[in-house]
Chemist: 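First, the structure itself, so that you have it in front of you.
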Amino acid sequence: SQMAGAKKATPRFRRNYELATGVMRFSAARLYHKRGVALCKKTKIAKKAVAPTAKFVTKKVGGSKNGGERKVLASKGAVYLKEDHVLDKPAKVARNPKVQTLRKNITPGTVLIILAGKHKGKRVVFLKQLEKTGLLLVTGPHKLNNVPLRRIAQSFVIATSTKVDVSGVKIPETLTDAYFKRTHTKVEKKGEQANIFASGHQDYKVSEQRKTDQKLVDKACPGLYQETHPEHKSSADTSAPDSASERTRPLTI
Amino acid sequence: MAEAAPIVARKNDPALNGRLYVKAVFSGFTRGQRNQNETSSILKLDGVFNKNDAQWYVGKRVVYVYKAHNKKNVPGAAPSRVRCIWGRVTRSHGNTGSVRAKFHKNLPATALGQRIRVMLYPSNI
């Protein structure tokens, strides 16, 4: 604090001064201690006499060969459970990707035109939408156009207005995304990586499981398409139909 | 399949023809009179003559297919001379059915006036 009446005293800052707007050099707590107010306070809290708790407690133990008694910790420390470790790391956010919503015009039995891939241009029968990935499960039927039970994405398909009755088709429960998932055979690294695509991968072999499932599903399918559309001999016919009048008709989907 | 279904505003029927794309021509880059922007191409689609029809093609994938001298590897097939540049239709262009597309790599000038395929996917019908 400033000395009153000291003319020649060099001007000093007050002990506690503003550094910036609203920010003081010393906080209220600091200043409290600087003033020595605490030391002047007369209040004293009497210390309570606390009996030291025994760390161990002797307990009686049964059994003749067990020594009769054991020293047991009076209070067991908190066990850091495995579950408590959850609090350390932030929980892994469960990622539930939204499954592609099925277009309204695609219902079981709809005939779809495949737009891309090995079977482009072929018409296939839509069976159901697979749960996990939202891909469409379709079948040729295989006998008609060599398209097996397969998955396609909705974006690569045109839905026609033709519907085939597949209520009789019982799709096995085993036909899930895991069933269709590609299994990549590990390619051993060779000295020359010249053409890994041509040499590395192995030819796909149809498993017996696939064959039996195909037969099972196609049993209810094959005749149907030809019944509803006797003018088409097979749906593999992607070229222009025979009659000239068909060629000039407007597109009906 | 001659049933009274609503006629879709698609002028071609590639499925019948075996061609699963719409023919288009690369008519140039977007440009003002004296400057051009090579990142955006203008395609003139076969049989598409108004803005409404052109709007249908927005989002569809687009390929420029060409041949080169050297063979390149193709996954799952023999090495071939055929190459392609893929892209997408970004928006319609003008009132008479043209369309803008952006390719992964800008189209080369040699593609001017050449055939570009506008695929039917990603499909929404």
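Bear in mind that the values here come from a model prediction, so they are computed numbers and not experimental data. Just so it is clear, the values below take in all heavy atoms, side chains as well, and ignore hydrogens, waters and symmetry mates. Numbers restart at 1 for each chain; the letters A, B, ... are given by sequence-line order, proteins then strands.
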Chemist: Quick one: which of A:Ile158, A:Leu115, A:Val157 gives a side chain to side chain contact (heavy atoms under 4.5 Å, CB included) with B:Tyr121?
Modeler: A:Leu115

Chemist: Heavy-atom distance under 4.5 Å to chain B: side chain of A:Ile114, backbone, both or neither?
Modeler: backbone

Chemist: Using the rule given for side-chain contact (heavy atoms from CB on, under 4.5 Å), can you reason through A:Arg103 versus B:Ser123, listing the C-alpha separation, both sets of side-chain angles and the distance that settles it, and then say yes or no?
Modeler: CA-CA 11 Å; A:Arg103 263 181 253 152; B:Ser123 143; 3.7 Å; yes

